[in-house]
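Worksheet for the structure shown next.
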Amino acid sequence: MSILINKSSKVLVQGITGREGAYHAEKMLEYGTQVIAGSTPGKGGQVFSALGKTIPVYNSVSEAKAAHPDLDATIIFVPPAAAADATLEAAHAGIPLIVNIAEGMPVLDMMKVVKELKSLPNVRLIGGNCPGLITPGECKLGIMPASTFKAGRVGMISRSGTLTYEASAMLAAADIGCSTVVGIGGDPMIGTTFIDLLPMFNDDPNTDAVVMIGEIGGADEEQAAEWIAKNMKKPVIAFISGRTAPKGKRMGHAGALIMGNVGTAESKLEAMAKANVPVADTMEEIIVLTKKALGL
Amino acid sequence: MSILINKSSKVLVQGITGREGAYHAEKMLEYGTQVIAGSTPGKGGQVFSALGKTIPVYNSVSEAKAAHPDLDATIIFVPPAAAADATLEAAHAGIPLIVNIAEGMPVLDMMKVVKELKSLPNVRLIGGNCPGLITPGECKLGIMPASTFKAGRVGMISRSGTLTYEASAMLAAADIGCSTVVGIGGDPMIGTTFIDLLPMFNDDPNTDAVVMIGEIGGADEEQAAEWIAKNMKKPVIAFISGRTAPKGKRMGHAGALIMGNVGTAESKLEAMAKANVPVADTMEEIIVLTKKALGL
Amino acid sequence: MKLHEYQAKELLASYGVPVPAGKIARTPEEAKAIANEYASLTVIKAQVHVGGRGKAGGVKLAKDANDAFEKAQAILGMDIKGLTVKKVLVAKAVDIAKEYYCGLIHDRNVQSFTLMVSKEGGVDIEEVAATNPAAITRFAIDPIKGLRAFEARQIALDAGLEGNLNKIAAMMVGLWNACAGSDATLAEINPLVITTTGEVIAADAKIDIDDNAMYRHPELEAYREVEAEHPLEVEAKAFGFSYVKLDGHIGVIGNGAGLVMTSLDVVSRVGGKAANFLDIGGGAKAEIVYNAVKLVCKDPDVKGILINIFGGITRADEVAKGVIRALEEGILNKPLAMRVAGTAVAEANELLKDKPINIYPTMMEAATAVVKEAAQ
Amino acid sequence: MKLHEYQAKELLASYGVPVPAGKIARTPEEAKAIANEYASLTVIKAQVHVGGRGKAGGVKLAKDANDAFEKAQAILGMDIKGLTVKKVLVAKAVDIAKEYYCGLIHDRNVQSFTLMVSKEGGVDIEEVAATNPAAITRFAIDPIKGLRAFEARQIALDAGLEGNLNKIAAMMVGLWNACAGSDATLAEINPLVITTTGEVIAADAKIDIDDNAMYRHPELEAYREVEAEHPLEVEAKAFGFSYVKLDGHIGVIGNGAGLVMTSLDVVSRVGGKAANFLDIGGGAKAEIVYNAVKLVCKDPDVKGILINIFGGITRADEVAKGVIRALEEGILNKPLAMRVAGTAVAEANELLKDKPINIYPTMMEAATAVVKEAAQ
């Protein structure tokens, strides 16, 4: 078991005929992900061939969904200017899980998407500006390097792509695997955040502990801490990056920005302390704390 | 009994300090309407005095509603450019019945209002470009001349103001009174139309028959006829004005416009015939048919 | 307010919709100069507010500058359905591979705009709607969210349009943006052309602006052409009347759109035909009624006048005073029948009792009388 | 992209927001001419991208044209928090009765913009938020529907603003329209002034534009001032790097924002301080790494460099090749410690084995080493 995706998840790739879409579609297939359809406006009727498989390409998500009513998820490879539209297209076509990896979407676009998705409660958006998610050994719905992930019983939620890979690799090196790893993205407005995923891991019988990798900016970690204090039955280990970043400067991620007194590392560390969530001071310490939590 | 308003309805007047608002607030009070509050942005704290009554004026509908949680309805006297905003203000403040008399609202404004009101199912808008509604002898929520209305058991729904007065006066002269008379307005986009009100009259124990005064433009009469054929338990008498109006010309009412083959009198007459609804060829015939329907 | 083709194209272009290069000419010389500048095939198109220009000979292809001169000379001054052509659009011709239709119309049934798209472009869409409705794909637009690219792409697919899907969708979204941004009640691109090189271009366009929303589009005022309206309609607008010129001989004045429409119906019922629709509105004073009578009397088609007033806010005696003034000033020089009911009708009767004006208790009787008099 | 006050006001004015008359002067003479034209009290305001101009003496009242000359002379060339004043706004002074605050900020908690309104205008709103949060009224805006007049009126009422409610609300709606229409991430009017004659005017304004949305605002490109940015930031942008200049002495290069942020933290943890944040992004080739090293070496503050790469899509051997090239070209002239993990790390080690570059297995060890070397 796992959350959100597993070996039977049927996946659509939006923008499959583009360079990035084609590359990652192949990588996902290689991992074993059931990519069963692709879409690109104007390229309907073509086929996408990789690893001996031929996957039909549709002009729209609606048409793909009509031909494959069992589609569970989609991953979007379009330029940031088109990402909001592609997301809404998938949402209105009734795809329950949408991964948007686009980096550099206008904030207003994402605000409107998030607002509109509130009226579509059966649709979950992961991202933008994220690596996607992976249930190791079963399904990779993203652009992460497959080799760093090992199957196991630790859930992971992260605002950073590379730190996700880093932490997963370290866990794997310590022979600890993951149930599902979700890169939620580094933008200030994202479709899914800690507080949306913690309850799923809490209820997932195959997850024993959760690692959450946060960073400066916003108050998502604080909200998560509050939820954990009240509801979480499983151990959570936290990491916060950007502790030494100055105020008012955007640290790579559009979301990693301290504005006034909002989004500081101090605030996040304090919230975690209050919720009795151990915080790793270094990446290495994540492994130490996770082992401890698992009784290893 | 009656529909929508009665002697216990508590009414707000938006724009009560303006010339038109003040004039009609007084006329409504004179009729016995329970006008209990007024609102005008920037005039909060003033009082409106008429007929020995003093009515508090608020800066906003929200503030009026907070002070008078029992408000049942509002009538809006603002220029057409501000009418959409005033309507949404009332709707979001939770006033269940809104009468908008403004003539000359931009169509796009009204489209947006109508769309937004769909998410507020407890709010009903009458108008714009309408005279309002009246339950004779109990409550006048509009700008119609009071003298032409007599209390009784005929419901009336009309797209035209003057024809409403004319028909009501003729019925009164024939000693036939009305339960509730609703002027739904002459604009192409209105908040409430025949099909919304017919079920109310159908269920109202104090209404024995319904007169509906339609005109060219749109397909509201056709839809009403279809509903009547299926559901109406009480006699309906129809009148259609503009039978000789040419195509493509706006006859005073923005809504009285035949476009292509949509909105013709022929289509409406045919629909009524199909639904077995007798149609009066002249205003005088309305009375004849109503008498017949009532068995007088 | 109707825009000319060239104005509609200017507006669309300002929203990023590709249109063929084009300029306005008021003389054959100007047309020649423009064609010369473009150094390509041009289309010379009459700019008049009426449909069916093509069939009437108001649209011609010109192969060079001299040809443009001749074609413009032929079209300028031409009469198309009663309107004189005063200017032509000289536009670069496009190499047409496909002609489609794309239009936004205010649709009461969906309480919004409907986007209509069809492969049957370049022809009258109403005819397509009548003869082959299945050839039109319809989509109701959410007026708050507007038209989104993914919706436009799907509609283009559903309609079977061929060509660059993203460009076609961008044109539809541009059309919506122009429509909503300028408060249009109708915005059409017809034909939406796919060129032989795969470009998507708006070869002809039609836009009507909501008069009620003109206050927020001062930039569009420059497009208004008073000359294009009937002179009596222009005058009526200045008085604030709701006035429509019709093709009969009985001038009709009343208060309230429904009542005036019904009056036209009654005139017709008793064998006459209305020369106009004139609604004086609610609460009219003598002066307004006087102006209404004066206006209707200016119409040479009018052989008799019917005044039909239901006095609510409007007082019947004010109506009487206005009519009496027109009579006394010698302006009212045609047979007149009045029906006045409601507020202050007794006072009105008193005022009119010694005047040569007939008052009738019902609109039917009044209409019968005036139609009869007018026929004499 | 930050706009100057005068640019923000131009933008607001284009959305119908009243602003005081004002023009830009680059010399005292120009300031004098403008003040002369206005023939009124003027305010001379330094146009620099930094807060607290007033306290720094960058805003002065001028009583006449000669005074404007003198005040402009005093302000032009002034250094405000490290930025040289190159132009001043010469604006008509307004008669202030009340000063309010009105701002739209992107608020992650509400996943939209929050409209913040306060009676405490003309001062730093962050200070108000810290010392007297109750003095700020907040309203979450629906990003699809936008701010409506009735909402704005209620917020103004709730905030206790005094003055013409409709005009105040119109200014708020105008601010929203400008903010949404130009993809701002921050749009403030501070102070929103109620004049002694009851006018409502935006006396100062601050607008930041979303860089990700600049592609749809070509008209705003003219507002960009390359000179206002740090020269290394300008260069980094040209390479497509995510780069932030910081005030320490260890240059930090890595792939992925989280990893680079964590690298800064580790540098700090071992007693150093980062001179920059530089994210080379995913899948970087040798050339990109080479350019990153070259850029960081240009910074005179840098005494040592930490490269921290987790090879996923990025290959460690490509990173090594880039570093080797910089070394061989003599560009890399500072102590360097590398930590490389993941894809192709063996190949990287092989390439680097004979080079004077130290590789460490963890970022902690690498950071410790370079901080120590840099201190020597």
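Every chain is numbered from 1, with letters handed out A, B, ... down the list of sequences.
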Indicate every side-chain donor-acceptor pair of residues 248-257 of chain D with a distance under 3.5 Å to a residue at least two apart or in another chain.
| unit_1 | atom_1 | unit_2 | atom_2 | d |
| --- | --- | --- | --- | --- |
| D:N255 | OD1 | D:F310 | N | 3.1 |
| D:N255 | ND2 | D:F310 | O | 3.0 |
| D:N255 | ND2 | D:T314 | OG1 | 3.3 |

Which bit of D:Y243 is near chain A, if near means a heavy-atom gap under 4.5 Å: side chain, backbone, both or neither? neither
Is there a side-chain contact between D:T362 and A:M170 in this structure, where contact means two heavy atoms from C-beta onward sitting under 4.5 Å apart? no
If I measure from the heavy atoms of chain D, does A:P80 come under 4.5 Å with its side chain, its backbone, both, or neither? neither
Tell me, for D:K245 versus chain A, whether the close heavy atoms (under 4.5 Å) come from the side chain, the backbone, both or neither. backbone
Correct closest heavy-atom pair for D:I144 and A:K115 would be CD1-CG, 3.6 Å
Greatest number of non-hydrogen atom pairs under 4.5 angstrom with chain D, of A:S147, A:S158, A:G217, falls to A:G217
Return the option, out of A:A81, A:A254, A:G263, with the maximum number of heavy-atom pairs under 4.5 Å with chain D. A:A81
Distance, nearest 0.5 Å, that separates CG of D:N212 from CG of A:D187: 7.0 Å
Honestly, the part of A:E215 sitting under 4.5 Å from a heavy atom of chain D is side chain
dist A:M105:CE -> D:D210:CG (nearest 0.5 Å) comes out at 10.5 Å
Euclidean distance, D:D183 CG relative to A:L108 CG, rounded to 0.5 Å: 5.5 Å
If you tally heavy-atom pairs under 4.5 Å against chain A, which of D:T185, D:D265, D:V266, D:L259 wins? D:D265
Atom pair CG (D:N109) and CG (A:D220), whose distance is rounded to the nearest 0.5 Å: 8.0 Å
Per-residue contact mode, A:K112 against chain D (heavy atom under 4.5 angstrom): both
Contact residues of residues 281-290 of chain A (partner chain D; heavy-atom separation under 4.5 angstrom): A:D281, A:T282, A:M283, A:E284
Other residues, nucleotides, ligands: >12 heavy atoms within 6.0 Å of D:K2 NZ: no
Any sub-3.5 Å donor-acceptor pair from D:D279's side-chain atoms to A:G252's backbone N or O? no
Let's test your reading of the structure: which of D:M261, D:H106, D:R108 forms the most heavy-atom pairs below 4.5 Å with chain A? D:R108
Residue part contacting chain A, namely of D:V244, when any heavy atom lies under 4.5 Å: side chain
Please classify the contact of A:I240 with chain D as side chain, backbone, both or neither, using a heavy-atom distance under 4.5 Å. backbone
Of the listed A:P145, A:S241, A:A256, A:A146, the one with the largest count of heavy-atom pairs under 4.5 Å with chain D is A:S241
Is the number of heavy atoms from other residues, nucleotides or ligands within 6.0 Å of CD (D:E365) greater than 12? yes
Going from CG on D:D142 to CE on A:M111, what distance comes out if it is rounded to the nearest 0.5 angstrom? 11.0 Å
Does atom NZ of A:K291 have more than 12 heavy-atom neighbours from other groups under 6.0 Å away? no
What's the shortest heavy-atom distance between A:P106 and D:A213, and which atoms? CB-CB, 3.7 Å
Bottom line for D:Q111: the part with an atom under 4.5 Å from chain A's heavy atoms is both
Against chain D, label A:V114 side chain, backbone, both or neither, depending on which of its atoms sit under 4.5 Å from a heavy atom there. side chain
Between D:I105 and chain A, with a heavy-atom cut-off of 4.5 Å, which part of the residue counts as in contact: side chain, backbone, both or neither? neither
If we define contacts as heavy-atom pairs under 4.5 Å, which of D:S268, D:P143, D:S242, D:C179 has the most with chain A? D:P143
Return the CG to CZ distance between D:D211 and A:R250, rounded to the nearest 0.5 Å. 8.0 Å
Carefully, step by step, assess D:L264 and A:M251 under the rule side-chain contact (heavy atoms from CB on, under 4.5 Å). CA-CA 10 Å; D:L264 307 187; A:M251 291 287 121; 4.0 Å; yes
Could you look at D:A180 and say if it's the side chain, the backbone, both or neither that has a heavy atom under 4.5 Å from chain A? both
With a sphere of 6.0 Å drawn around CD of D:E120, does it hold more than 12 non-hydrogen atoms of other residues, nucleotides or ligands? yes
Heavy-atom check, side chain of D:R216 versus side chain of A:D109, under 4.5 Å: yes
